[in-house]
Amino acid sequence: MTPADPALADLDEAALVEACLAGRPGAFDLIVERHRRSVYQLCYRFVANHEDASDLSQDVFLRAFRGLKSFRGHASLSTWLYRIGVNVCLNRVSVKTPPSESIEEQQFVDVCAQSPADRLLQEERGARVRAAIAQLPPKQRATLILRMYHEMSHQEIADVLGGSVGAVKANFFHAMGNLKKLLGGFEP
Amino acid sequence: MNHLKPEEIVDIAEGTRGEASAPHLSTCDICRAQLREMRAMLSTVSNVDVPEPSPLFWGQLSTRVHGAVAAERPRRSWADLWTWPRALVPAAVGIAVIVAAVILGSRAPIQPGPAAPAAAFNAGNNADALDAPDDPSLNFVADLTANLDWDAASEAGLTGGGSAEHAVTHLKDAELRELARLIKEEVARSGA
């Protein structure tokens with residue numbers, strides 16, 4: 001892969017999409033570079049394991065490339081990518097229940113100033129919560145992830161998932177209730 | 001007693017609506033417990049990060065996407081060609097025939113009239129252009145139609161607007177055979 005054209009880096013979102021559509025080399029690479037982390041995190045929250053999240057992220061970007069002509073700029077590029085990501089993840093989870101990673105399999109490089117014991121405890125808690133989220137019904141899962149980790153409003157989530165704001169809030173409420181049951185006696 | 005709806009509990013737990021707006025809360029243990037649980041879960045969930053993958057992963061992901069997109073590009077262009085409107089194909093044939101008829105009309109006056117633009121063209125100072133080396137394919141078409149006069153061309157439909165395609169696509173069997181024979185003969189002669 002060649003490095004992105006430095007001139008492209010100055011382009012705003014709309015201009016970058018135009019550059020992609022015009023076939024400018026490196027333009028789509030730059031979109032990937034800007035959004036790969038958030039797309040990966042979205043996918044990871046859905047499936048709770050690195051391998052599947054990695055494959056899903058690639059799929060999201062490939063679909064985005066195919067559908068770039070349909071991007072109208074009414075929403076931000078990141079919201080549009082989340083919409084694709086949610087659809088890709090929902091399709092995947094409807095045919096496969098992904099195995100979540102055990103704590104030993106995860107590649108932590110967190111260097112926060114905690115003692116090793118505290119860090120291990122926090123990692124263990126995080127892994128349990130992520131695994132529980134990955135077991136929620138798909139729409140509840142999508143609602144919780146978009147609301148809690150991608151700071152989307154209820155209206156934006158309704159736009160992504162389809163349905164009303166009231167339905168999104170109800171989904172969110174039930175997601176939290178189900179999550180509590182899945183976590184059992186877990187103390188945060 | 002009307003309990004709070006899930007949407008109302010969510011709004012109060014997220015702080016977009018004050019507890020004071022729901023007086024029912026002060027009298028209902030069930031709703032207060034639900035609100036308390038919702039707040040606790042919000043706190044639990046919000047403190048969970050996605051484990052950071054290896055720093056090398058991001059470059060690998062970009063490379064994978066780049067490769068997948070590059071593999072997509074040729075396939076897409078062929079797909080685009082395939083989805084061309086089929087109506088363009090006969091239209092292109094028709095245009096080619098019309099262009100050939102116009103060129104031939106300008107090179108070989110069939111029935112030059114006194115005010116005909118073609119006659120003026122041929123009688124003008126274009127001798128140099130006519131003496132220039134000819135395109136072999138045009139010579140071929142000119143040879144085929146050397147004995148074609150204007151009336152015959154009109155009957156064949158080559159002179160009417162938009163009728164050339166009709167003429168080509170409505171040849172009789174005998175005419176088609178003759179056309180094929182002439183083309184084969186010319187191809188053999190030119191060694192193509």
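By convention in this document, chain letters (A, B, ...) are assigned in the order of the sequence lines, proteins followed by strands, and residues within each chain are numbered from 1.
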What side-chain donor-acceptor pairs closer than 3.5 Å can you find for residues 33-42 of chain B, not counting sequence neighbours?
unit_1: B:R39; atom_1: NH1; unit_2: B:E19; atom_2: OE2; d: 3.1
unit_1: B:R39; atom_1: NH2; unit_2: B:E19; atom_2: OE2; d: 3.1

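The structure places CE of A:M176 at 13.0 Å from CD1 of B:I9, a figure rounded to the nearest 0.5 Å. B:L61 CG to A:R37 CZ: the interatomic distance, rounded to the nearest 0.5 Å, is 11.0 Å. Taking OG of B:S62 as the start and CD of A:E33 as the end, the distance is 6.0 Å to the nearest 0.5 Å. Going from atom CG of A:L179 over to atom OG1 of B:T44 covers 8.0 Å, rounded to the nearest 0.5 Å. Taken from CZ in A:F65 to NE2 in B:H66, the straight-line distance is 10.5 Å, to the nearest 0.5 Å.
Under the 30°/60° scheme for interplanar angles, the aromatic rings of B:F57 and A:Y40 are found to be tilted.
By number of non-hydrogen pairs under 4.5 angstrom with chain A, the leading residue of B:E14, B:E8, B:K5 is B:E14.
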Inset, instruction - Step by step, work out the side-chain contact (heavy atoms from CB on, under 4.5 Å) result for B:V69 and A:F61. - result: CA-CA 9 Å; B:V69 165; A:F61 283 116; over 6 Å; no
Inset, instruction - Decide yes or no on side-chain contact (heavy atoms from CB on, under 4.5 Å) for A:R36 and B:V65, but give the supporting numbers first. - result: CA-CA 10 Å; A:R36 62 192 177 190; B:V65 172; over 6 Å; no
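Of all non-hydrogen atoms in B:P6 and A:A170, the two that sit nearest each other are CB-CA, 4.2 Å. In terms of heavy atoms, A:Y149 sits closest to B:V48 at CE2-O, 3.4 Å. For B:R64 against A:D55, the heavy-atom pair with the smallest separation is NH2-OD1, 2.8 Å. For the pair A:M148 and B:S46, the tightest heavy-atom approach, listed with the atom from each and the gap, is CE-CB, 3.7 Å.
Within the 4.5 angstrom heavy-atom criterion, only side-chain atoms of B:D11, from C-beta onward, approach chain A.
Under the 4.5 Å side-chain criterion, counting only non-hydrogen atoms from C-beta, A:R125 is not in contact with B:N47.
Transitive grouping of hydrophobic side chains (ILVMFWY, heavy atoms separated by less than 4.5 Å) keeps A:V165 and A:V160 in distinct clusters. Residues A:L30 and B:W58 share a hydrophobic cluster, clusters being chains of Ile/Leu/Val/Met/Phe/Trp/Tyr side chains in contact below 4.5 Å. In the hydrophobic clustering of ILVMFWY residues, with side-chain heavy atoms under 4.5 Å counting as a link, A:L21 and A:V32 come out together.
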